[in-house]
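Have a look at the structure below, then the notes.
Everything quoted here is computed from the prediction, not taken from an experiment. Chain letters run A, B, ... following the sequence lines, proteins first, then strands; residues in each count from 1.
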Amino acid sequence: MAKKGYMRPPTLLQKPWHFCPGCNHGIAHRLVAEVIDEMGLQNQTVGVGSVGCGVFSYEYFNFDGIGPSHGRSPAVATGVKRVLPDRLVFTYQGDGDLAAIGTTEMVHCAVRGENITIIFINNTLYGMTGGQMAPTTLMGQVTTTSPRGRGREQGLPFRVCEMLATAEGAAYVARVALFNPAQVNRAKKAIRRAFETQMAGLGFSMVEMLSACPTNWGLSPLEALKYVEEKMVPTYPLGEFKVPEGVK
Amino acid sequence: MAKKGYMRPPTLLQKPWHFCPGCNHGIAHRLVAEVIDEMGLQNQTVGVGSVGCGVFSYEYFNFDGIGPSHGRSPAVATGVKRVLPDRLVFTYQGDGDLAAIGTTEMVHCAVRGENITIIFINNTLYGMTGGQMAPTTLMGQVTTTSPRGRGREQGLPFRVCEMLATAEGAAYVARVALFNPAQVNRAKKAIRRAFETQMAGLGFSMVEMLSACPTNWGLSPLEALKYVEEKMVPTYPLGEFKVPEGVK
Amino acid sequence: MKKEFLIAGFGGQGVLSMGLFLAYAGIDEGKKVSYVPSYGAEMRGGTANCLVTISDREISSPLVSDPGVVVVMNQPSLHKFEPVVRPGGVLLINASLAHREAQRQDITSYSIPAQEIANQVGLPRGANMVMLGALLEATEAVDTTATYKYLVKTFRGKHLDKMPLNMAAMEAGAEFIRGCQATSSKTSIA
Amino acid sequence: MKKEFLIAGFGGQGVLSMGLFLAYAGIDEGKKVSYVPSYGAEMRGGTANCLVTISDREISSPLVSDPGVVVVMNQPSLHKFEPVVRPGGVLLINASLAHREAQRQDITSYSIPAQEIANQVGLPRGANMVMLGALLEATEAVDTTATYKYLVKTFRGKHLDKMPLNMAAMEAGAEFIRGCQATSSKTSIA
Amino acid sequence: MSEQILMKGNEAVAEAAIAAGCRYFFGYPITPQSEILEQLARRLPEVGGAYVQAESEVSAINMVFGAAAAGARVMTASSSPGISLMQEGISYIASAELPAVIVNIMRGAPGLGGIHPSQADYFQSVKGGGHGDYKLIVLAPSSVQELIDHTILAFEMAEAYRTPVVIFGDAMMGQMMEPVVIPDIEPLPPNRPWATTGMEGRGPNIVHTLYLPADKLENHCNRLFAKYSEIEHNEKRSVGYLTEDAEILVVAYGIMSRVARAAVEMARDDGIKVGMFRPVTLWPFPDNALQAAARNARVVIAAEISMGQMIEDVRLALGNRVPVVLFNRIGLVPNPDEIYAAIKSKAREVNANG
Amino acid sequence: MSEQILMKGNEAVAEAAIAAGCRYFFGYPITPQSEILEQLARRLPEVGGAYVQAESEVSAINMVFGAAAAGARVMTASSSPGISLMQEGISYIASAELPAVIVNIMRGAPGLGGIHPSQADYFQSVKGGGHGDYKLIVLAPSSVQELIDHTILAFEMAEAYRTPVVIFGDAMMGQMMEPVVIPDIEPLPPNRPWATTGMEGRGPNIVHTLYLPADKLENHCNRLFAKYSEIEHNEKRSVGYLTEDAEILVVAYGIMSRVARAAVEMARDDGIKVGMFRPVTLWPFPDNALQAAARNARVVIAAEISMGQMIEDVRLALGNRVPVVLFNRIGLVPNPDEIYAAIKSKAREVNANG
Amino acid sequence: MFQVNFLEQYCKGCGLCVHFCPKNIIVLAQYTNDQGYNPATINDMTKCTGCALCARMCPHVVIEIVEGGAA
Amino acid sequence: MFQVNFLEQYCKGCGLCVHFCPKNIIVLAQYTNDQGYNPATINDMTKCTGCALCARMCPHVVIEIVEGGAA
Ligand SMILES: Cc1ncc(C[n+]2csc(CCOP(=O)(O)OP(=O)(O)O)c2C)c(N)n1
Ligand SMILES: Cc1ncc(C[n+]2csc(CCOP(=O)(O)OP(=O)(O)O)c2C)c(N)n1
Ligand code: SF4
Ligand code: SF4
Ligand code: SF4
Ligand code: SF4
Ligand code: SF4
Ligand code: SF4
Ligand SMILES: [Mg+2]
Ligand SMILES: [Mg+2]
């Protein structure tokens, strides 16, 4: 961000988005597009979407895209990457998609050290289906399926980065947030490092983004950002959990 | 083992077993039975088997048993435990069953802190189906589906204990081995602690047992034990990864 | 007797609860009732609508393509749903957000400045109640008293203090229709 | 001409490879051939068996319930498979591990101390080759030369040195049968 | 409570399950059935039960397996793609003869499809989406009240026959509200001497599905199918409407049967001799009743929100005695007019052919 | 190589896939198909391809989805329970119109069942085990050589129609060895302008299955089914044997057709007018050819290793013109004698009824 | 001088740009756009420093900022 | 004195008891049992200390050890 001014990244098609007002999915989409453009990879990218509020990613990005079934994006990406090892292959997944139904696929991409990148949007619940509890839901958080607030019976928050970092095959693992411009810049850097990890062939990479869902949290866009900072970050500490030699 | 002598634990039915000569599944079965008898839980136990060489566990144990589909035992055990919260509910699973196809079910039992115990027999491959590579296969190890020895393309060994220990809901997590009598004693203690963790309602517990498969390793029973000690342990270090307060 | 009501607008305009009021009033009158909301992903940020059927007989299909009464709470809904009103039917337009008149000649239509009326009544979030009152007046769909009963049910407990304002909003909507009808002839729909 | 051979024993006794020898010899003679091994979980520690069919015509079903020739390499297999031998067929018993004679009168049977013969030949792991030689001699299943050809194929490369001993084991098996036949009449099976 | 209340189909299923004595629910969110979960997440703890949100549909169906084996009255619900993920588990539950209720609020398909109303999972549940030989009882309610009644019936049947029962809804039925009454029944607690509850006072109970010796497997399948024959004998259900003199017969189930009925009424007003036949159980398919209903039919219209699935069972029931044609729409519940038009055009043909 | 070699059915599938130009395989071990994996794990790296052992069948089918989308010729293989787990993925692949070959070496079922030969997944693949409206081409080879030929054919069809193709084997066919010749063909590399390979020199390619507006979904389904009609028109395959004058017709596929053929030969020796009809494509089912083959039939015997699944398609093809009865065994491939006995008893009936 | 352009019809009036603009020059308009939202707009463009914090935070890529521009 | 009993028909002759017996008194028999394995057996029972290491390692629960016993 040395140069001033700002232009829409060319890999983002100019279309209205279905995201709710203040939804951080939009910021995440934009950052991914910016990094791909900056790395000059538009023509070498295959984006693998998912099912969740990010389901239309392939309609918004201006590069090849796939819409897989719910949770299986890392497996689909594996199929793509084995066929096209020189392409940038990334998945874009929500916490329900990645950390619930898609746990096996995610874990084994990390364990195999599959040379792909996961962009992981953690908004603590199932946004698209109307705000049900997810494995990432905070303790005490009210959702449509934890109407009394998440209690011990409903499990404990799933810290995905911490878990995947234990896999030898995981090369770059970071958790970032999007609640203010500085965090957004950091998030962008993490995406860049993840993609660089992949293009250098160093193995599995993932960037988790703590992300606001004003609609299902019942908060204004601004309150939602504050919620991320004050409520989510203590449960999901930010930072780089693994950085490969070649990318430091 | 203060008292001398040795008698078959009453919860083990007296039948011939299908296990190959020297297979460590037999030792694991025996230890589970011994602990259940020592804790006096025969009538309060529901054993949840799995698909693998341990598939007949419900025919060998003398307590209520369930034979679930491949990999889903932790989900089945969850169903049982929610209905019968005061029972001892444990699963008995191989590395293919638990750490490959059943990854999601395993991880989420740990993440939810489901109050069940997993007995995990890690023999580095799919024994029952004839010795294919598993996520736990050692680097360089030859199996029927890694005929040139497992290489980087085939992924890296999956350290399940280390991964699950990152889950807040995991209360007791230990890795033991069965390659000599001292290890067998330690293994038994770990099973006891896991079951105690469960009966005290402290959350998820798991005991991983490094286990010899002489048949598919192409080794004699004795060589196979040596293989566990010399080849497996360096990749899968033994120890207790998590011990809850109440059980120390 | 079978009447279908389509109510459409942005999510958040109280479109679905207008439908519920109607439906419960129907039940209260001993009628058969069905209610079909729009739902799911396309709701978000987009339009919401519901279709209420009130009938003397068993309702065979809860869906109709040409409802007799249509309420549009915003401009896009007017665009989309004006064409489906059954000939001879009634179209009620929230003129505060839909900035044109109805174009069809074969239906009765009313343009109601619902927001302005709601503001006047002192219930700025009550445009939907204004429209509901207008609807009841314009169509004789169900007895207004039945609607009030449900209103009481809804607001009982800690929100009871909101009752009077809501009733006032409905009444203001009805009054607006009566004003219009003074100048045109009212169409009763079957 | 259609002949079926069932060979049964413990896993590890070379039962499956005996079947392969037969099958390849059949192919070499231009016959139609099929081979069905037992497999899977119940193999482990239990019995292994294979069924080889050699025929002039297309083989409709690779399975038969009453094979003309049965080789049993151990006691449990003798129990299990003596009853299935087609009347008039041949049963070859590895007498080293199956400690009783055949009980049926409507078949030709041979009890062959295969292990002892193999030991004598100097190929202690060659009991299966002894039995194979015996089988070829007792049934005229396929030409022995064809079998030798496959033997050469199998052992070519670094194991060629094992050829002669294997052939000797087969020959010793055949010789044993010839000895028996000197005292009984040989049954040719169709 | 015998008051009429306005209820969404999904909420009705949840309340009916509670009325039927179901205390355990395992499920995963999916539109258009999530309100079943949401309602049960609120309600089950109130009645001493447990709502467990599974991490996937695969897990959900296996949690159901465990809870049913442990003796509980248990349910899961999902929508089309989620039901596909349950196919292995369903085959296991059927083989293990566990009672369980599975609700499928069908949506647009194949693939991700969408959230439209659909009836395109007929083959999956009625013929067999999982591996091997088994049958599921499949109920097809057509109103919110029937969703309630069939949910209660489903639990009864599941328990009587020790078999999984599927309830079919669709996106519209799940979402639409109708006035209903929840019957005030007092179901007995489950009585399952075979359940794996801990073996106090008896020998071990085992629930499994492995039959290695071939004859054991064959016996098992024959036994299962003897039970299925009994179900076929006892449980075929259907509703006919004006079939007596019907020269044209519309066959439709679920929401489509209501549309068909409306169309039949319209056509009857025109003097067309048309009737409707509605299978209530899709398996066992009410073939005899259909044969009777089609006695005078000269053409049969199978009306489905699919590319034609139930039509095969209609044809199997009727043989080639009468032509069976398809009326279908995808992505929506059609208007009665559309079926009415189809009936009219068939009526012209029938008259033309004298 | 045109030399005859003795090969297991499973190995033959693997070698045939390589001959057909398949370079990517994703799969998970399961008896009785694991030799397909094992052979490809050895062989694919030798020919510049990749064998990836998936962590489950769910992952495997989704890896296939990805590899096919990326333009590769790709295969997976499993056995019954594993195929159940693939149902969601298969529905997606069909909807996305991706070419892929799926091998099912069927085993004893339902549930865990066992490792016996079986034909009980007919409904699953032929009618639709996944959600929604789609069809799979299903091939039913009956010998190891045909396993080879059909594997090659499957890749051709998958590519020609952009649709998944299923190959049915069973535990016996997977394990038995027969002499075979692997044809020496030189398949062209896949030509897939629609594949998501990185958009160098063109606009973005998108592979997806979501159709939210109802009319889009309806169009999509209609388009899919127009393609399926074309396949029905072009690809129905079957083999008749002595059907000309057959008063008794045995219908069987796969390994069962060989047993049936042997039984027919035995009965012909007794002078019984019996023939055999063997569907080679199970979908599209060769109904016309079956009607022709059953011209003179007075009874039709559907012979299956299942509780009766294909028999429904036989009945659908033949209507109620001729009685269709089931001969079945479970857990094993029966002996020809058993079918022979069934034929004989039917022959007596037919003669008695004169 | 910077020109901040709003793709007004995409704006959902979330107000994040309003909040994060260090110069406090962005406001939500009184009128609604076709989607029914009050779009963001700038009153006094001269105060803009081109820092692009508004664009960084905008979830709908509504904002583009060019140097020079129309000012 | 200890009596070590072998459930001979269950023994698979794996030899683990032979290896781990600190007294080296267990051997595999020359004959085979019904399963075809050479079962473990003890020649000199008097040397047995009842340590049960053999039983601890036996994967087939073949071995039971009782004090007193037949000796
Ligand atoms: C097999 C299957 N199960 C369930 C669904 C329903 N579903 C669609 S999106 C979604 C969850 C999305 O949540 P998340 O991944 O966290 O994304 P978000 O919308 O929160 O960004 C679910 C459960 C589905 N489409 N497929
Ligand atoms: C869905 C499904 N996929 C695959 C199989 C086949 N299968 C049976 S056991 C097994 C692996 C067993 O390996 P592991 O869990 O490590 O146990 P082990 O035999 O090594 O003790 C597999 C893949 C199956 N039964 N079901
Ligand atoms: S529901 Fe939440 S995550 Fe989904 S678009 Fe709206 S704000 Fe974003
Ligand atoms: S195959 Fe291996 S794990 Fe299975 S019983 Fe034999 S030795 Fe044990
Ligand atoms: S670029 Fe900076 S100063 Fe200018 S409007 Fe945006 S946030 Fe304000
Ligand atoms: S941040 Fe973007 S969407 Fe939000 S108000 Fe500003 S311009 Fe509009
Ligand atoms: S108890 Fe100890 S000393 Fe006795 S036989 Fe066993 S290992 Fe040897
Ligand atoms: S350890 Fe057990 S099975 Fe092995 S040889 Fe000794 S007694 Fe036999
Ligand atoms: Mg989310
Ligand atoms: Mg294993």
Side-chain angles (χ1 to χ4, degrees), chain B residues 11-13 18 36 40-52 54-89 91 101-112 114 116 128, chain E residues 22-26 28 44 49-74 76 85-93 95-96 98 100 130-131 190 192 194-212:
Chain B
T11 58
L12 271 189
L13 292 166
H18 71 286
I36 286 174
L41 292 174
Q42 178 178 24
N43 290 334
Q44 279 91 267
T45 296
V46 181
V48 181
S50 62
V51 188
V55 73
F56 289 118
S57 64
Y58 55 73
E59 296 209 346
Y60 302 155
F61 288 127
N62 189 18
F63 45 71
D64 280 5
I66 300 180
S69 57
H70 187 39
R72 316 304 172 187
S73 310
V76 170
T78 299
V80 175
K81 189 73 181 187
R82 293 292 178 131
V83 175
L84 305 167
D86 62 337
R87 295 320 202 204
L88 178 76
V89 179
T91 72
I101 192 169
T103 306
T104 296
E105 287 77 10
M106 154 185 95
V107 165
H108 283 277
C109 265
V111 166
R112 276 197 310 271
E114 201 68 45
I116 62 153
M128 187 189 217
Chain E
C22 169
R23 290 295 173 270
Y24 297 91
F25 180 92
F26 304 88
Y28 187 79
L44 278 174
Y51 162 86
V52 179
Q53 193 169 305
E55 60 273 14
S56 78
E57 292 87 351
V58 175
S59 302
I61 194 72
N62 283 287
M63 290 175 181
V64 166
F65 186 104
R73 205 165 278 151
V74 57
T76 186
L85 286 171
M86 294 184 182
Q87 291 307 318
E88 190 205 25
I90 289 174
S91 173
Y92 274 74
I93 290 177
S95 179
L98 296 174
H131 58 291
R192 305 189 183 165
W194 47 263
T196 54
T197 54
M199 72 174 196
E200 231 134 16
R202 55 164 170 76
N205 280 342
I206 308 293
V207 171
H208 77 102
T209 68
L210 176 60
Y211 296 89
L212 264 190

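- A 4.5 Å side-chain heavy-atom check between E:H208 and B:V55 finds every atom pair outside the cut-off.
- Comparing B:Q42, B:H70, B:R72, B:R112 by how many heavy-atom pairs each has under 4.5 Å with chain E, the most go to B:R72.
- When heavy atoms are compared at a cutoff of 4.5 Å, E:E200 approaches chain B by way of both its backbone and its side chain.
- If you take CD on B:E59 and CG on E:L210, they are separated by 7.5 Å, rounding to the nearest 0.5 Å.
- Of the listed residues (E:V52, E:I61, E:T209), the greatest number of heavy-atom pairs within a distance under 4.5 Å of chain B belongs to E:V52.
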Practice task
Determine, stepwise, if the pair B:V76 / E:Y92 fulfils side chain to side chain contact (heavy atoms under 4.5 Å, CB included).
Solution key: CA-CA 12 Å; B:V76 170; E:Y92 274 74; over 6 Å; no
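- Using a 4.5 Å cut-off on side-chain heavy atoms (C-beta onward), E:R202 and B:D64 make contact.
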Problem - Derivation of the side chain to side chain contact (heavy atoms under 4.5 Å, CB included) call for B:E105 and E:V58 - result: CA-CA 9 Å; B:E105 287 77 10; E:V58 175; 3.7 Å; yes
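- Between E:T196 and B:Y58, every side-chain heavy-atom pair lies at or beyond the 4.5 Å cut-off.
- What you find for E:M199 and B:F63 is that their closest heavy atoms are SD-CA, 3.8 Å.
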Enumerate, atom names and distances included, each donor-acceptor pair closer than 3.5 Å involving a side-chain atom of residues 43-50 of chain B, sequence neighbours excluded.
from	atom 1	to	atom 2	distance (Å)
B:T45	OG1	B:L41	O	2.7
B:S50	OG	B:Y92	O	2.6

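- Going from atom OG of B:S69 over to atom CD1 of E:I93 covers 9.0 Å, rounded to the nearest 0.5 Å.
- Heavy-atom distances place both the backbone and the side chain of B:I66 under 4.5 Å from chain E.
- Using a 4.5 Å cut-off between heavy atoms, E:A195 contacts chain B through its backbone alone, with no side-chain atom that close.
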